[in-house]
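Just so we're on the same page: letters track the sequence lines, and every chain starts at 1. When reading the values below, keep in mind they use all heavy atoms of this one structure, side chains included, and skip hydrogens, waters and symmetry mates.
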2 protein chains.
Amino acid sequence: MAPEADRTKRPTRTSVWLEGKPAGRGRRSERPDRPGQSPSSATGQPPGSATGRSPGSATGQSAGSSTGQSAGQSGQPAGLDRDRITAVSVRLLDAEGLAKFSMRRLAAELGVTAMSLYWYVDTKDDLLELALDAVFGEVRVPDLTDESADWRDQLRELAVTYRAVLVRHAWVSPLVGRYLNIGPHSMVFSAAVQTVMGRTGLGPHGQTGALAAVFQFVYGFGTIEGHFVQRSAEAGVSQDEYYRQAMGAIGEQPRFRASFEGADALMASRDGDTVAQMRDRDFAFALELLVAGIEAMRDRG
Amino acid sequence: MAPEADRTKRPTRTSVWLEGKPAGRGRRSERPDRPGQSPSSATGQPPGSATGRSPGSATGQSAGSSTGQSAGQSGQPAGLDRDRITAVSVRLLDAEGLAKFSMRRLAAELGVTAMSLYWYVDTKDDLLELALDAVFGEVRVPDLTDESADWRDQLRELAVTYRAVLVRHAWVSPLVGRYLNIGPHSMVFSAAVQTVMGRTGLGPHGQTGALAAVFQFVYGFGTIEGHFVQRSAEAGVSQDEYYRQAMGAIGEQPRFRASFEGADALMASRDGDTVAQMRDRDFAFALELLVAGIEAMRDRG
DNA sequence: ACCTGAACACCGTTCAAGT
DNA sequence: ACCTGAACACCGTTCAAGT
């Protein structure tokens, strides 16, 4: 048989978590060539549960350069491993954003050439998947064995903790859409979500619908909020100052004069609140709205 | 006075829509150097309303190469303008995705060099903002002057049409978070959203919270759905086949055996439905949940 | 007024080679 | 086993120059 045209350069394999070798230390794997995109992405949230091997502290502190045994210039060691690479990736993504994150930049931070990284991961996407799952390790999952707990409280806790992750790590949002999210920490989170939804009293169809309502809302909210927080920080001003400047800039445009009463009214109704307070209040209200909505749909049969 | 250090290469100016010259044909503008990020990004949705100059049909058909008067090799004309560039950008973004969209690729499609484009826009970001607003021209806005209309129907219509845009153009989602969204079409949409929220009977604070609940949900839902649709298309298989393959690939992994009953149960409960049907049902249920939630919060005072 | 060529400072990734 | 240098095929953008 003639060699099958070799299709594209890289055989499709949609997730680091679907590698040949199980626990994944180093070593370029044999790339099982599996297709796929998870049910999570079809319905809005991942399937089962899993155990998590912790990747050390994902959010380190020193943002200088290579910490520890750097290899200098020539040949060997350098003390790399997936966990360290992942941790430094998270730090870099937090500090400089997804757009500026590159294999070369990361390698420099680790005191190594870009090509060294390819011993530990197959692609940049693999690295981002690892970073993504690492920050899902930050979610606080409620005690699911507590039979007496109110599902409303558990749902609120999951929503709040998911929002916090999205805001702390603005780069997470685009990746959630991009990958399977079947890493160990992601699985713990989505298993918790499903368990809690199971306690609402809704039927199976209602559960998936309500799950989408709640967590797609949190995803959207946290995404926009994270962007805003990051932009203000990059501009070196407070969120309130940033907000004020933006409103001013838009208001100055003659194009917008006519259509600006709504925003002005909103501005006026602030009553001295900060944008952070306004956002928190919106989030809290929306969450109560969703809980009330679940109850209403349940009572409706 | 000495020249003020010249900060970065490009003075900050956060939106094409905040250019010096109003209607924006060609000509590198004088870059007013304004700061800002809109209130929309703080609260989740833009401010006022606006009128829209239509950029021709944003979604053209011929996906070959330069349509019409191409300049060949040497000097002049080429028949470029912002509307044509925007329309071709949308076509290219739809066909090949945000990741593959480049100034050079677009220029080739227009039969021109990349540098020509910089006569019409200052940056790639400007171009993406124009494309983004162009597809917001696809939203169907309900008749807001109809006093007898039910706000529930109008809210559903806006949600459905926003979802459709996000799914048809998967590249829209990351851009919504990135830019101000103060283009004419975006403004029409958000003004409609605010008008309809004003009819729910909620107080001002409730309105912004409920607005976030509904439209951040739609944003999240449409984002994930758009990704899934695009991935299936790229893989050249139906959505159902794609879903099946993904489940199979994950299920094969021993790591996931233990944690897979939940997903299996979900799989079994499908009863022969397609993933598209499941998604539509989830969306519809979530939307009714949100409407019921708004009513409950309103009656709660 | 509108378009181009060459150049700068980047990318992700492959491959053959070093130790 | 782990790391590197050189190279390939790309990026966005600037600048001086063409017509």
**Item:** Whole-Å gap separating C1' (C:dC11) and CG (A:Leu98)
**Value:** 14 Å
**Asked** In whole angstroms, how far is the P atom of C:dC11 from the CE atom of A:Met115?
**Response** 12 Å
**Message:** Rounded to whole Å, please give me the gap between OH in A:Tyr118 and P in D:dG5.
**Reply:** 16 Å
**Asked** Using the ring of each side chain (for Trp, its six-membered ring), is B:Phe189 parallel, tilted or perpendicular to B:Phe136, with breaks at 30° and 60°?
**Response** tilted
**Complete:** Which of C:dC2, D:dC2, C:dT13 is nearest the side chain of B:Tyr120? It is C:dC2
**Item:** D:dA9 and C:dA9, which share atom name P, separated by this distance in whole Å
**Value:** 22 Å
**All side-chain hydrogen bond (donor to acceptor under 3.5 Å, both in side chains) counterparts of B:Ser116, not counting sequence neighbours** = B:Thr113
**Asked** Excluding sequence neighbours, so at least two apart, what forms side-chain hydrogen bond (donor to acceptor under 3.5 Å, both in side chains) with A:Ser173?
**Response** A:Tyr219, A:Thr223
**Message:** What is the separation between atom NZ on A:Lys100 and atom P on C:dG12, rounded to the nearest whole Å?
**Reply:** 15 Å
**Prompt:** Quick one: side-chain hydrogen bond (donor to acceptor under 3.5 Å, both in side chains) partners of B:Arg168, sequence neighbours excluded?
**Reply:** B:Glu138
**Fill in**
From CG of A:Leu106 across to P of C:dC11 the rounded distance in Å is 11 Å
**Complete:** Between CZ of B:Arg105 and P of D:dG12 the distance, given in whole Å, is 12 Å
**Stem regions touching DNA chain C, defined by at least 3 consecutive Watson-Crick or wobble G-U pairs below 3.5 angstrom** = C:4-8 with D:12-16, C:12-16 with D:4-8
**Complete:** Assert: residue with more 5' nearest nucleotide on DNA chain D, out of A:Leu117 and A:Arg104, is A:Leu117
**Fill in**
Atom CG of B:Leu110 and atom P of C:dC2 are separated, to the nearest Å, by 16 Å
**Request:** Just compare D:dG12, C:dT14, C:dT4 and give me whichever is closest to any side-chain atom of B:Met103.
**Result:** D:dG12
**Asked** Just to confirm, is there a sub-4.0 Å distance from OP1 or OP2 of D:dC11 to any side-chain nitrogen or oxygen of B:Ser102?
**Response** yes
**Message:** Any heavy-atom pair between the side chains of A:Val176 and A:Tyr162 that's under 4.5 Å?
**Reply:** yes
**Fill in**
The nucleotide from C:dT4, D:dG12, C:dT13 with an atom nearest the side chain of B:Lys124 is D:dG12
**Message:** Applying side-chain hydrogen bond (donor to acceptor under 3.5 Å, both in side chains), can you list everything that pairs with B:Gln239, at least two apart in sequence or on another chain?
**Reply:** B:Arg279
**Message:** Closest approach to the side chain of B:Trp119, judged atom by atom: which nucleotide of C:dT13, D:dT13, C:dC2 is it?
**Reply:** C:dC2
**Message:** Applying salt bridge (Lys or Arg N to Asp or Glu O under 4.0 Å), can you list everything that pairs with B:Glu234, at least two apart in sequence or on another chain?
**Reply:** none
